[in-house]
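Below you'll find the structure, written out as structure tokens, and then a few comments.
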Amino acid sequence: MQTMIFAVREINQRQDLLPNLSLGYHIRDSGDDIPVSVKRSLLLVNGQPEKGSGQSCEDIQKQPSPVIVGEASSGVSMAVLRTLGSFKIPLVSYFASCSCLSNKREFPAFMRTMPSDLFQIKALVKLVHYFQWTWVGVIGVDTDYARFAIQLFLKESEGFNICPAYVHIYPVALTQDAAEELVNILKSSSATVIINFSVDSYLHGVLKECRRQNVTHLQWIASEAWATSKVLWNDFGDLLKGSLGFAIRRADISHLGSYLRRVNVSVAQKSHFLSEFWEETFRCRLNGSLNTHVHGEAEQNWPPCDGSESLDDVYTLYSDVSQLRVSYNVYKAVYVIAHALHDMSTCEPGKGPFQNGTCGSLYPILPRQLLYYMKRTHFTTLGEEVRFDDNGDPIASYDLMNWQRGSDGSLQLVRVGFYDASLEDDKDLEIDEPVIMWHRGEKAPESLCSQSCLPGSRKARQKGKPVCCFDCIPCAEGEISNQTGALGNNSMGIFSIGSLYPILPRQLLYYMKRTHFTTLGEEVRFDDNGDPIASYDLMNWQRGSDGSLQLVRVGFYDASLEDDKDLEIDEPVIMWHRGEKKGLVELQFVLCNQDLPI
């Protein structure tokens, strides 16, 4: 909320962006609750004050909001979008990541500055594949976000031969029985790596039960919803040390920290949000507090705030600007709206994108026209290029974060790699492995259903088990396995010995295409088409002293070298057809004027 207000004020002070217009805002607390969120979203788009606020429609004039920044969760976002669908009101989310929201038929007015889970899943699968974890546990809280993410993960992982040791959805309101059931599954499985799709608040009960049952050996992989959350560390740092997870992009927003710390008693008294925050932080009661949150008896006995309280004297997540990720998404969402309005305001009549070349209306702002411009915004802020695809999704990039314990016991979130969906397939994931601190030991743990079979043996799949679970049995008489992890039947890792049984041509071809060796000083290898790397000698026919032909190498062409280095010619060595050695210009003249038939 405060970041949104900061961004609005920052834009209103700029002369290069919306110089003749000012942004305003209404704020409503959705409580991350569907009925409350739907109700208050309708209040925003109708421009009406809330009942019971002490003001009537005559007392206050509010313009309807042509765009809403929110919601944080995917499930609540879907409910609001379905309710506001007929209004065509754009909803710009800063944290809803469910891939289902990319469905433009169902959610045509949705945009977000948060990458779709489709990209997060690609990153997670590549991470698991990188460390050769083929047997992993997958759990998630019972929300649309987790269910869709798990479904995507299972589908994507099939292409990398990654098997789920178990898949378990646990309830939002985690009972003791539900927690015990989940942890019993974790404890009985041979998988040492577990991926959890959840937010931090829903993970607390799971970790508490893990400690009670002494399940402390797991290497946790965090979804982006909790990959940088610090609230779990104090209670469960021993369980989560070494965790890995992809976090959305962070940024340093100039002056935001000082703006956040500017809040004092008089400012806090005027806001429902800040009143609650102030009282919880300093454990005191504000005079005439707007805080309507229900407190226990102990909180009712807090002393009055005396005005000496200062955010400079305490640490709070509110004023910590070291990990501005979700806040940065809010900041970008406001700038998307501002740039769209700016483009509308600078449109030349007759050259606009709408019927008969008309421009978008600013008085009043029509939501569908604003959405059109928002989807086409393309700008740079804080060093990042901001643009959207046809689904209203941003270009995805993530930081790979590692949870490390500092010398003072505090959580250190260390960036150990990245995933960038805009890069080529073999360059999109980068991992600085030596920097990673693992949960246990000095190297990545193993998470396998079965150990790889050694040469001389092959895999025999265990009946009723996933392909990652197998027994290793000796090769049959007359068969060879010369690689680790060879499979039977359709495997390319086993073939018959020619002296005993016929060699299968397709198996022989498989290995021939993958040969790579050196002979007589030349490296021999083949491309995907079965062609060798091309190299040629440039030869010159010269007459020897005895009149015989001398084939002299005067240069070469090598296709494996860079474009400006692939051709090399030793010109002084060349003996030309007529006369002394000639330069290229003279040679061309001779060819054109003397040697070509007329």
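Because only heavy atoms are used, hydrogens play no part in the values below, and waters and symmetry mates are left out as well, while side chains stay in. Remember, predicted model here, so these are calculated numbers, not experimental data.
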Ionic contact status for [Y] with [X], cut-off 4.0 Å:
{"X": "R112", "Y": "D393", "value": "yes"}
{"X": "R249", "Y": "D399", "value": "no"}
{"X": "E385", "Y": "R387", "value": "yes"}
{"X": "R211", "Y": "D235", "value": "no"}
{"X": "D390", "Y": "K104", "value": "no"}
{"X": "D425", "Y": "K126", "value": "yes"}
{"X": "E433", "Y": "K443", "value": "no"}
{"X": "R405", "Y": "D238", "value": "no"}
{"X": "D252", "Y": "R250", "value": "yes"}

Determine whether a donor-acceptor pair (N or O, by modelled atom type, separation under 3.5 Å) exists between the side chain of [X] and the backbone of [Y].
{"X": "E224", "Y": "Y398", "value": "no"}
{"X": "D142", "Y": "P171", "value": "no"}
{"X": "S74", "Y": "C98", "value": "yes"}
{"X": "W135", "Y": "T192", "value": "no"}
{"X": "S65", "Y": "I68", "value": "no"}

Where is the tightest heavy-atom contact between [X] and [Y], given as atom of each residue plus distance?
{"X": "L127", "Y": "L429", "value": "N-CD2, 3.9 Å"}
{"X": "Y315", "Y": "L317", "value": "OH-CD2, 3.5 Å"}
{"X": "T281", "Y": "F277", "value": "OG1-O, 2.8 Å"}

Does [X] [atom1] have over 12 foreign heavy atoms under 6.0 Å away?
{"X": "K208", "atom1": "NZ", "answer": "no"}
{"X": "Q132", "atom1": "CD", "answer": "no"}
{"X": "R283", "atom1": "CZ", "answer": "no"}

* May I ask you to check if K375 and F388 form a cation-pi contact, with NZ or CZ under 6.0 angstrom from the six-membered ring centre and within 45° of the axis? =>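 No - K375 does not lie over the ring of F388 by the 6.0 Å and 45° rule.
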* Establish, yes or no, whether the cationic atom of R105 lies under 6.0 Å from the six-membered ring centre of F107 and within 45° of the ring axis. =>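 No, cation not above the ring by the 6.0 Å, 45° rule.
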Side chains of [X] and [Y], donor plus acceptor under 3.5 Å:
{"X": "K241", "Y": "Q404", "answer": "no"}
{"X": "Y170", "Y": "E181", "answer": "no"}
{"X": "Y259", "Y": "E10", "answer": "no"}
{"X": "T175", "Y": "D177", "answer": "no"}
{"X": "Y419", "Y": "Q120", "answer": "no"}
{"X": "N391", "Y": "S102", "answer": "no"}

* Which residue, S99, S223, S97, S198, forms the side chain to side chain donor-acceptor pair (under 3.5 Å) with Y145? ->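 Of the listed residues S99, S223, S97, S198, the side chain to side chain donor-acceptor pair (under 3.5 Å) partner of Y145 is S223.
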* According to the disulfide (SG to SG under 2.5 Å) rule, which pairs have a member within residues 182-232, sequence neighbours left out? ->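 Listed once each, the pairs would be none.
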* Rounded to the nearest 0.5 Å, what's the gap from OG on S93 to CG on N329? Could you check? =>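 It comes to 8.5 Å.
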* Between H339 and Y373, is the ring centre distance below 6.0 Å? ->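 Ring centroids of H339 and Y373 are no less than 6.0 Å from each other.
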* For the pair W233 and W226, evaluate ring pair (Phe, Tyr, Trp, His ring centres under 6.0 Å) and give the outcome as yes or no after the intermediate values. => CA-CA 11 Å; W233 182 257; W226 66 280; over 10 Å; no
* Asked: Residues two or more places apart in sequence or in another chain: which of them pass side chain to side chain donor-acceptor pair (under 3.5 Å) with E446?
  ->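 E446 satisfies side chain to side chain donor-acceptor pair (under 3.5 Å) with Q451 once adjacent residues are dropped.
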* **Sub-2.5 Å SG contact, C449 and C469** =>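 Answer is yes, sulfur atoms closer than 2.5 Å.
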* **Plane angle bin for F131 and W438 - parallel if under 30°, tilted between 30 and 60°, otherwise perpendicular** =>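 Perpendicular, since the angle between the ring planes exceeds 60°.
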